[in-house]
Asker: 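Sharing a structure below in structure tokens format, with a few things to ask.
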2 protein chains.
Amino acid sequence: MTADIPITAYKMNCAFCSARPLGLCGALGDGEGFRELRDARRGARLLDSGAPIYRQGDRHGDLYNLVSGWVCLHQDLEDGRRQILRFILPGELFGQEPAGMTSMSHASQALTNISLCVIPAERVTDLRARYPGFSDRFVWMLERDNHLTMDHLTSLGQRSALERVAHLMLELAVRSSRRYPLAPGDRFKMPLTQPLIADATGLTPIHVNRMLRRLREDHILDLRNGALTVLDPGRLEAMVGPSEDLVRLWTRYAIVEGLDHDEHY
Amino acid sequence: MTADIPITAYKMNCAFCSARPLGLCGALGDGEGFRELRDARRGARLLDSGAPIYRQGDRHGDLYNLVSGWVCLHQDLEDGRRQILRFILPGELFGQEPAGMTSMSHASQALTNISLCVIPAERVTDLRARYPGFSDRFVWMLERDNHLTMDHLTSLGQRSALERVAHLMLELAVRSSRRYPLAPGDRFKMPLTQPLIADATGLTPIHVNRMLRRLREDHILDLRNGALTVLDPGRLEAMVGPSEDLVRLWTRYAIVEGLDHDEHY
DNA sequence: CGAAGTCTTGACAAGACTCAAACTGGGTGG
DNA sequence: CCACCCAGTTTGAGTCTTGTCAAGACTTCG
């Protein structure tokens, strides 16, 4: 179920630990700050698909960096309805809450087998205070989260069921591959079930099924057996209409000063 | 239409300029940092109801602090549909975007006559780098925004039309008055039209009208002539089910170290 | 007084949800 | 190797919520 793994087992896309200079820690260089961050890690965790990472109402304390696998953040209502707020992909940070909150406002769950890097929130706060570049990247990540969440808000509030599903598929294809534009026939591994898509789009699983069928019959995309095939990128993008800036946020982990294009990733 | 006003005309609830120790600048104390912030202001602006503050696609550059009046942030689709992302109340900050964005992803509009405090974004970045307490509050505000947006996302995705309208009304009553809990008969000035509520909840104006009528007939609340009367706070809260933490975010501008309760506001 | 914007209502249409059932594929245990 | 089970997917029929269209009433303001 849950296992601790040695630090050496980390993959290379932890924003805290590696992926320099792209991740959070890139701002710390190779010096003292980076060593501090590395030493602050509470440890790594391996979790099985389906396992909760934290629950709604848990006391707040740690930040998480997803090293491998997929995670979703979701908010549950008392009567069982739940909204998936965001899908977390490798290299992304999650688990932060405004200071002063007594408990987590949302839960998180592994969608695949995952590996995580765990850092106490107060250590991050401390590093932020002492390393401005580190703080800047942290702020950038918050602003990015905000931006993506607002985009979802517009999608749920204004788009039709078909558009919402298309929007989510395009976003996840681009975010998971960091590639744009897409070509006809591109395939992406996507560990999503239709009930998950339903919780993310505010639809019922049955209706998601119908929308996916329609997208397939219209030769726009085909989601099956955990893989998405983009059949007609042009029409897909036309349905979604992502801005240039939005695509940039989809293809990046963090702002990197001086680097302005995706080619570096 | 637009007018510049002398610095002396500021009211006391600008997070940059005053409202100390509660606003952003509170962390700067009375010393050098505070003077720097005050001097960094690009100036103040008065705008008439309905005026745009910035448009979607405008170049990014300034941060805004609302001194008086109401503002909404909204994101528009090409075909005219629009989603209201957030209502901004006096004392709140808006206009930030992730570094690297070329243009604003959303627009903002004055819902009443307003007064604004304008600060160049790069000056804020600079102050963040040099004053950690200032940076903490800035981060806190971002996290708060994020939290509120996620709450709206859950509302749009999971709640019925009636619940969404009730949710918005409760939130705005509490946020605008900074008072909780509510008592039967409490009245709140609220410069909202039904089309605005529709854009915020993802419904049509006509359906908003139906929902408001039902809430009125059920003696839960009454929104009329720009004022909301809460008739039955108990049932209203039961419909919305806000957590303790959420209410705390509704009643506060900023984290203030050492102060833990609303009584200070 | 007229005009514009907002609110209200009714009748109808459409999109999305509910319920029920059959089908698929992968894993488990006999 | 097969039977079974399970979660996920697919489909159909019927219902209900919400949206659309149209028109009238009420405010506010010039």
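In this text the structure is predicted, and so the values were computed from the model without any measurement. Proteins get letters first, then strands, A, B, ... in listed order; numbering begins at 1 in each.
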Asker: Does P195(B) reach a base, just sugar-phosphate, or nothing at all? Heavy atoms under 4.0 Å.
Answerer: sugar-phosphate
Asker: Measuring only between side-chain heavy atoms, which start at C-beta, is H219(B) closer than 4.5 Å to D232(B)?
Answerer: no
Asker: Do E92(A) and R86(A) sit within salt-bridge range, that is, some charged N less than 4.0 Å from a carboxylate O?
Answerer: no
Asker: Using side-chain heavy atoms (C-beta onward) and a distance below 4.5 Å, is N146(B) in contact with Q96(A)?
Answerer: no
Asker: Let me check the geometry of the helix from dC1(C)-dG30(D) to dG30(C)-dC1(D). What is the bend angle between the axes at its two ends, five pairs each, to 10°?
Answerer: 30°
Asker: So which of H74(A), H60(A), H106(A) actually passes ring-ring contact (aromatic ring centres under 6.0 Å, His included) with Y54(A)?
Answerer: H106(A)
Asker: Identify the two heavy atoms, one from M101(A) and one from H147(B), that lie closest to each other, and give their separation to 0.1 Å.
Answerer: SD-NE2, 4.3 Å
Asker: Counting C-beta onward and ignoring hydrogens, is there a side-chain heavy-atom pair between L231(B) and I220(B) closer than 4.5 Å?
Answerer: no
Asker: Pair up each side-chain donor or acceptor in residues 187-196 of chain B with any protein partner under 3.5 Å, not counting sequence neighbours, and list the distances.
Answerer:
residue	atom	partner	partner atom	Å
R187(B)	NH1	T229(B)	OG1	3.0
T193(B)	OG1	L196(B)	N	3.3
Q194(B)	OE1	N209(B)	ND2	3.0

Asker: Has Q158(B) got a side-chain atom pairing as donor or acceptor with R82(A)'s backbone, closer than 3.5 angstrom?
Answerer: yes
Asker: Taking S105(A)'s backbone N and O only, do any of them form a donor-acceptor pair with Q75(A)'s side chain (distance below 3.5 Å, no angle check)?
Answerer: yes
Asker: Which ones in residues 196-203 of chain B lie close to DNA chain C, meaning a heavy atom under 4.0 Å from one of its atoms?
Answerer: none
Asker: Does D186(B) pair with R179(B) as a salt bridge, N-O distance under 4.0 Å?
Answerer: yes
Asker: What is the distance from CZ of R164(A) to P of dA16(C), rounded to the nearest Å?
Answerer: 7 Å
Asker: More than 12 non-hydrogen atoms from neighbouring residues, nucleotides or ligands closer than 6.0 Å to CD on E217(A), yes or no?
Answerer: yes
Asker: For residues 200-207 of chain A, which side-chain donor-acceptor pairs fall under 3.5 Å, sequence neighbours excluded?
Answerer:
residue	atom	partner	partner atom	Å
T201(A)	OG1	I197(A)	O	2.7
T201(A)	OG1	A198(A)	O	3.4
T204(A)	OG1	H207(A)	N	3.3

Asker: For nucleotides 18-29 of chain C, tabulate all protein N/O to nucleotide N/O atom pairs closer than 3.5 Å, reporting atom names and distance.
Answerer:
residue	atom	partner	partner atom	Å
dT18(C)	O4	R210(A)	NH2	3.3

Asker: CZ of R81(A): more than 12 outside heavy atoms within 6.0 angstrom?
Answerer: yes
Asker: Please determine if a side-chain N or O atom of Q194(B) lies less than 4.0 Å away from the OP1 or OP2 oxygen of dG5(C).
Answerer: no
Asker: Give the first and the last nucleotide of DNA chain D, reading 5' to 3', that has any atom under 4.0 Å from a heavy atom of chain A.
Answerer: dG8(D) to dA13(D)
